[in-house]
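I have a structure I would like to understand better, so I am pasting it below and will then ask my questions one at a time.
Nothing here was measured: the structure is a model prediction, and the numbers come from that model.
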Amino acid sequence: MARVLVADDESRMRRLVADFLRREGFTILEAEDGKQALDMFLEDPRIDLVILDVMMPGLDGWVVCREIRKRSHVPVIILTARAEESDELFGFDIGADEYVTKPFSPLVLVARAKALMRRAQTGGGDLRRFGVLEVDGAKHTVTVNGERVQMSPKEYELLTYFIDNAGCALGRDQILNSVWDYDYFGDARTVDTHVKRLRAKLGAAADYIQTVRGVGYRFEADET
């Protein structure tokens with residue numbers, strides 16, 4: 001049974017999220033501030049997903065997310081009333097896998113949680129090489145020129161989706177529906193943001209992900 005840590009200083013909101021997740025069979029741990037959330041995460045290696053509010057006393061959600069990402073690739077959902085684009089981009093930049101703004105649909109949040117955990121737990125057993133890029137499906141690792149590249153689960157899934165569809169022009173909506181694995185309520189900037197981060201991390205292999213004007217993106221590299 002998957003374990004989810006829900007951290008929010010608003011007890012009503014925390015209970016709402018926890019109740020919907022429990023109905024789907026998740027085991028829920030609740031934290032009422034950032035410090036408690038981080039302590040609980042560090043003490044429990046079985047946590048499969050973290051849902052963080054941003055504005056919490058003690059340590060805010062940004063700090064908690066950073067600290068979690070230093071130690072783990074466990075999926076993180078930022079849940080906040082801060083809807084500015086700069087906040088969303090910042091959340092992705094520090095390692096969040098999803099950014100959900102309040103008010104939100106609890107059913108959509110549950111769908112996102114399920115999709116994240118399903119993709120984090122799914123792995124292939126193949127080792128694939130494209131020039132300087134190597135992707136190990138069994139270990140969920142990526143290397144460029146022999147150097148390990150640290151990626152969030154979402155970045156890894158995005159990269160492997162591109163690889164699985166190498167040579168095909170993929171539209172942003174198509175990428176959203178396939179990689180995020182739910183009916184996404186938002187706009188295509190989510191894809192652009194993740195592609196920008198992914199290219200930055202890939203370094204010498206960044207050009208393997210090409211922009212297709214008016215469509216989206218295409219992965220173009222010969223498998224070796």
Validation row: Leu49, Leu5 side chains within 4.5 angstrom (heavy atoms): no
Side-chain touch Leu79/Asp53, heavy atoms, less than 4.5 angstrom: no
Same apolar cluster: Leu116 and Leu107, side chain cutoff 4.5 Å: yes
Sole candidate of Arg69, Lys70, Glu155, His73 that passes side-chain hydrogen bond (donor to acceptor under 3.5 Å, both in side chains) when paired with Gln150: His73
Note: Glu30-Arg22 ion pair, threshold 4.0 Å (strictly below): yes
Exercise: identify the closest heavy-atom pair between Cys65 and Gly95: SG-C, 4.2 Å
Heavy-atom donor-acceptor pair, Asp60 side chain to Met56 backbone, under 3.5 Å: no
Heavy-atom closest contact (Leu109 atom, Phe104 atom, distance): CD2-CE1, 3.7 Å
Parallel, tilted or perpendicular: ring planes of Tyr217 versus Phe162, cut at 30 and 60 degrees: perpendicular
Side-chain donor/acceptor of Thr160 to backbone N/O of Tyr156, under 3.5 Å: yes
Lys/Arg N to Asp/Glu carboxylate O, Glu24 vs Lys114, below 4.0 Å: yes
Residues which pass side-chain hydrogen bond (donor to acceptor under 3.5 Å, both in side chains) with Asp164, listed by chain and number, not counting sequence neighbours: Arg128
Glu223 CD: over 12 foreign heavy atoms closer than 6.0 Å: yes
Smallest separation among heavy atoms of Ser72 and Phe41, with atom names: CB-CZ, 3.7 Å
From CA spacing to verdict: ring-ring contact (aromatic ring centres under 6.0 Å, His included), Phe219, Tyr161: CA-CA 9 Å; Phe219 184 88; Tyr161 177 70; over 10 Å; no
Short side-chain donor-acceptor distance under 3.5 Å, Tyr208 and Asp222: no
Asp8 and Leu52, any side-chain heavy atoms less than 4.5 Å apart: no
Atom pair CH2/CD1 of Trp62 and Ile78 - distance to nearest 0.5 Å: 5.5 Å
Within one Ile-Leu-Val-Met-Phe-Trp-Tyr cluster: Ile77 and Leu89, side-chain cutoff 4.5 Å: no
Side chain to side chain contact (heavy atoms under 4.5 Å, CB included) assessment of Tyr99 paired with Val76: CA-CA 9 Å; Tyr99 192 95; Val76 175; over 6 Å; no
Non-hydrogen side-chain atoms of Leu176 and Asp173 separated by less than 4.5 Å: yes
For Asp93, side-chain hydrogen bond (donor to acceptor under 3.5 Å, both in side chains) partners two or more places apart: Arg197
Val135 side chain near Leu127 side chain, heavy-atom distance below 4.5 Å: no
Closest approach of Ala37 to Ala7 (non-hydrogen atoms, all atoms of both residues): CB-CB, 3.6 Å
Verify same cluster id: Ile175, Val212 (apolar side-chain graph, 4.5 Å): no
Asp48 versus Ala2, closest heavy-atom pair with distance: OD2-CA, 3.3 Å
SB check Lys35 Asp33 (cutoff 4.0 Å): no
CD on Glu67 to CD1 on Ile94, rounded to 0.5 Å: 10.5 Å
Side chain Arg218, main chain Ala166, donor-acceptor under 3.5 Å: no
Val4 and Ile51: CA distance, side-chain angles, deciding distance, side chain to side chain contact (heavy atoms under 4.5 Å, CB included) verdict: CA-CA 7 Å; Val4 181; Ile51 299 177; 4.1 Å; yes
Check: Gln174 side chain, Leu170 main-chain N or O, donor-acceptor pair, under 3.5 Å: no
Atom CG of Asp19: over 12 foreign heavy atoms under 6.0 Å: yes
Residues, nucleotides or ligands: over 12 heavy atoms within 6.0 Å of Arg148 CZ: yes
Nearest-0.5 Å distance, CG of residue Leu133 to CG of residue Asn145: 9.5 Å
Check: Met151 and Leu159 side chains under 4.5 Å, non-hydrogen atoms: yes
Atom of Gly216, atom of Arg172 and distance for their closest heavy-atom approach: CA-NH1, 3.6 Å
Under-4.0 Å salt bridge between Lys154 and Asp97: no
hydrophobic_cluster_shared for Met55 and Leu38, side chain cutoff 4.5 Å: yes
Any donor-acceptor N/O pair, Thr211 side chain to Arg213 backbone, under 3.5 Å: no
Any side-chain heavy-atom pair of Leu158 and Val195 under 4.5 Å: yes
Separation between CD of Glu220 and CD of Gln210, rounded to the nearest 0.5 Å: 5.0 Å
Glu10 with Arg14: basic N within carboxylate O range, under 4.0 Å: no
Beyond-backbone contact of Arg82 with Thr101, side-chain heavy atoms, under 4.5 angstrom: no
Thr143 and Arg129: side chain donor to acceptor below 3.5 Å: no
Within one Ile-Leu-Val-Met-Phe-Trp-Tyr cluster: Leu198 and Phe130, side-chain cutoff 4.5 Å: yes
